[in-house]
2 protein chains.
Amino acid sequence: MRIATWNVNSVRARQQRLVNWLKSAQPDVLCLQELKCTDADFPFDAVKEAGYFAAVHGQKTYNGVAILAKTEPTDVIRGLSDGVDDTHARFISATVNGIRVVSAYAPNGQQVDSPAYVYKLEWYRRLRNYLDTRHKPDDLVVMGGDWNIAPEPIDVYDVAQWEGQTLFTLRERDALQQLRAFGLTDAFRQLHPDVQKFSWWDYRMLMFPKNKGVRIDHLFLTAPLLPRLTACDVDREERKGQQPSDHAPVWLELKD
Amino acid sequence: MRIATWNVNSVRARQQRLVNWLKSAQPDVLCLQELKCTDADFPFDAVKEAGYFAAVHGQKTYNGVAILAKTEPTDVIRGLSDGVDDTHARFISATVNGIRVVSAYAPNGQQVDSPAYVYKLEWYRRLRNYLDTRHKPDDLVVMGGDWNIAPEPIDVYDVAQWEGQTLFTLRERDALQQLRAFGLTDAFRQLHPDVQKFSWWDYRMLMFPKNKGVRIDHLFLTAPLLPRLTACDVDREERKGQQPSDHAPVWLELKD
DNA sequence: GTATCGAAAG
DNA sequence: CTTTCGATAC
């Protein structure tokens with residue numbers, strides 16, 4: 001079973017690339033982020049034509065997440081549903097083939113200590129609370145998303161430059177660690193302890209050609225799924241060519 | 001010798017279509033209108049790659065005209081050069097293979113009697129004056145352009161609807177007639193006296209699928225070129241498909 | 001650099 | 001409907 005995550009940076013602007021990628025990569029499940037469109041504007045027809053069901057939590061202009069799957073996702077939950085007044089469409093979960101799948105788009109955080117940064121840390125706390133409330137660590141859970149946090153020094157292209165910058169501050173890395181402490185493992189790092197691969201490269205300054213990126217798109221697994229994990233990688237090819245997203249898809253393979 | 005005219009409605013938005021059309025239609029000369037970009041933003045490289053020189057008179061956002069040719073255009077004149085203070089880039093002329101070629105983008109005129117309408121009539125008068133000043137009726141001159149005037153009832157899809165509307169008012173048709181009175185012949189009508197073909201269809205209201213258009217893109221010839229005129233047609237195919245211009249190219253063939 | 005938006009123009 | 005712009009966000 002192949003599960004992937006991809007921040008498409010506008011599902012309408014990237015519709016053809018999305019369909020092409022689905023057809024060639026053939027994931028069983030794809031977590032999408034930054035749809036940048038409402039449910040009404042989501043390209044359901046093109047996705048269905050490619051062989052996928054879609055559970056969508058859209059929003060105009062900003063955010064928007066979805067779970068695409070070859071079998072129909074059930075028990076869809078849109079938003080963290082914790083009573084907090086929050087209009088951002090950053091979270092969706094659904095059950096696919098007996099696995100609880102999450103597609104998450106963590107806040108970027110803008111500048112350190114800005115309201116957006118505070119919101120980011122709080123959002124991570126709320127997501128941990130979601131897990132504590134709804135799940136046990138031995139549930140079958142896969143959380144894919146753009147987490148907007150590089151977990152470790154190896155996950156940024158230049159530690160000296162990134163130190164103290166949003167996406168890599170100690171408080172953000174700690175927030176991610178608190179989330180993972182629920183019982184989640186980073187699939188890529190689990191299989192490749194010493195490999196430096198990135199999933200996002202700024203559009204500007206030729207960052208992709210220079211391979212100056214960061215790894216902020218992750219797939220997290222609960223413990224019972226770890227023995228089934230056989231592969232995890234970044235599809236760097238998808239960042240190439242005309243009008244790519246600034247993120248590359250990340251995928252994993254579960255045996256059985 | 002094949003000479004064409006095409007209002008591309010943004011040369012940057014239409015760059016790939018332009019290159020494809022040049023490669024398949026292989027005109028010796030192409031008059032372009034509504035470049036909607038400055039000279040600095042004109043895609044000289046792509047045009048050169050397709051085998052064409054380009055004489056450009058660009059303008060930001062609006063208007064902009066060019067003459068593309070397989071041999072280098074010489075003696076380029078940008079604007080009507082009549083001392084009138086006019087920032088609109090609507091006129092360029094150059095010599096190609098011994099023929100004086102004009103690419104013109106006539107004002108639209110907006111509403112009847114609006115300042116834009118007055119400007120349109122005046123622009124036609126100035127263009128006639130340009131010819132009187134610079135040319136004799138037996139010079140070899142081809143004027144291609146978006147003239148924003150349908151000359152005759154046959155040139156609009158519904159005379160009753162168009163009567164009195166801009167593009168078809170008597171005063172506009174008279175202004176065009178005054179211009180032609182210099183000694184110009186409408187190549188398409190010359191060869192096809194009774195054929196109704198359109199060159200522009202509004203993007204809205206499914207006007208193209210319904211073939212509700214008007215013929216406002218014309219190629220005018222001076223008398224000495226008439227005996228050489230062997231063909232003239234509208235390339236309706238170019239209006240089809242994804243992201244077309246709202247105008248189709250019009251082309252003619254001169255023998256020898 | 002690449003999206004979004006709404007306004008203005010055709 | 002399609003394009004432009006300038007503003008905003010990442």
Side-chain angles (χ1 to χ4, degrees), chain A residues 7-15 17 33-38 41 58-64 88-90 105-111 114-117 119-120 146-149 165-167 200-210 212-214 216-217 239 241-247, chain B residues 7-15 17 33-38 41 58-64 88-90 105-111 114-117 120 146 148 165-167 200-210 212-214 216-217 239-247:
Chain A
N7 178 322
V8 282
N9 188 15
S10 171
V11 72
R12 284 179 297 174
R14 220 75 59 209
Q15 182 179 321
R17 284 189 85 120
Q33 300 88 38
E34 282 207 86
L35 305 178
K36 292 187 174 179
C37 71
T38 59
D41 288 333
Q59 181 184 335
K60 185 172 171 166
T61 312
Y62 302 109
N63 314 312
H88 294 12
R90 297 185 174 276
Y105 176 47
N108 172 285
Q110 296 186 98
Q111 300 307 308
S114 67
Y117 185 85
Y119 170 70
K120 180 177 191 172
D146 171 0
W147 300 92
N148 269 318
I149 298 176
Q165 301 298 310
T166 1
L167 310 191
W200 175 79
W201 300 260
D202 198 304
Y203 281 126
R204 294 163 287 192
M205 315 263 290
L206 300 171
M207 290 306 219
F208 181 68
K210 294 178 189 164
K212 294 189 169 185
V214 296
I216 57 179
D217 300 272
R239 178 60 236 252
Q242 293 265 303
Q243 308 287 95
S245 168
D246 43 355
H247 296 254
Chain B
N7 177 322
V8 281
N9 187 16
S10 172
V11 73
R12 283 179 298 174
R14 221 74 58 210
Q15 182 178 321
R17 285 190 84 119
Q33 301 88 38
E34 282 209 86
L35 306 179
K36 290 187 173 178
C37 71
T38 59
D41 288 332
Q59 181 183 335
K60 184 173 169 163
T61 312
Y62 302 109
N63 313 313
H88 295 12
R90 299 185 172 278
Y105 175 47
N108 172 284
Q110 298 186 93
Q111 301 307 306
S114 67
Y117 185 85
K120 180 177 192 171
D146 171 1
N148 270 318
Q165 301 298 310
T166 350
L167 310 191
W200 175 79
W201 300 260
D202 198 304
Y203 281 126
R204 295 163 287 192
M205 314 269 287
L206 300 171
M207 291 306 219
F208 182 69
K210 296 178 189 164
K212 293 188 168 186
V214 296
I216 57 180
D217 300 273
R239 180 58 237 254
K240 298 178 181 175
Q242 294 264 305
Q243 307 286 94
S245 168
D246 43 353
H247 296 252

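Quick note on labels: first sequence line is chain A, next is B, and so on, each numbered from 1. Side chains included, hydrogens not; waters and symmetry mates left out as well; all remaining heavy atoms used.
- We find that CG of Asn63(A) is positioned 8 Å from P of dC10(D), with the value rounded to whole Å.
- One atom, NZ of Lys240(B), and another, C1' of dC1(D), lie 19 Å apart when rounded to the nearest Å.
- Nearest heavy atoms, Asp246(B) versus Tyr203(B): N-OH, 3.0 Å.
- The nearest whole Å value for the distance from the CZ atom in Arg204(A) to the P atom in dC10(D) is 12 Å.
- In this structure, the CG atom of Asn148(A) is 9 Å from the C1' atom of dC10(D), given to the nearest Å.
- Contact between Asp202(A) and Arg239(A) at its shortest, heavy atoms only, is O-NH1, 4.2 Å.
- Between Lys60(A) and dA9(D) there is no side-chain N or O to OP1 or OP2 distance below 4.0 Å.
- Here dA9(C) presents its C1' atom at 12 Å from CG of Asp202(B), a figure rounded to the nearest Å.
- Looking at Tyr105(B), its side chain never comes within 3.5 Å of a backbone N or O of Gly64(B) through a donor-acceptor pair.
- For Asp246(A) and Arg12(A), each mapped to the nucleotide of DNA chain C holding its nearest heavy atom, the one lying further toward the 5' end belongs to Asp246(A).
- The backbone N or O of Asp41(A) lies less than 3.5 Å from no partner atom in the side chain of Arg12(A), so there is not a single donor-acceptor pair.
- Distances shorter than 4.0 Å separate some side-chain N or O of Gln243(B) from OP1 or OP2 on dT3(D).
- Computed from coordinates, the Tyr203(B) OH to dT2(D) P distance equals 7 Å when rounded to whole Å.
- Within the nucleic acid shown, Gln110(B) comes within 4.0 Å of sugar-phosphate atoms alone, with no base atom in reach, counting heavy atoms only.
- OP1 or OP2 of dT3(D) has not a single side-chain nitrogen or oxygen of Thr61(B) nearer than 4.0 Å.
- Spacing between atom CZ of Arg14(A) and atom P of dT2(C) amounts to 9 Å, rounded to whole angstrom units.
- Going from atom NZ of Lys120(B) over to atom P of dG10(C) covers 11 Å, rounded to whole Å.
- With Arg14(B) contributing its side chain and Asn7(B) its backbone, the two residues share no donor-acceptor pair below 3.5 Å.
- When the nucleotides dT3(D), dA9(D), dT4(C) are ranked by their closest atom to the side chain of Tyr62(A), dA9(D) comes out on top.
- Of the listed nucleotides (dT3(D), dC10(D), dT4(C)), dT3(D) has the atom at the smallest distance from the side chain of Asn9(B).
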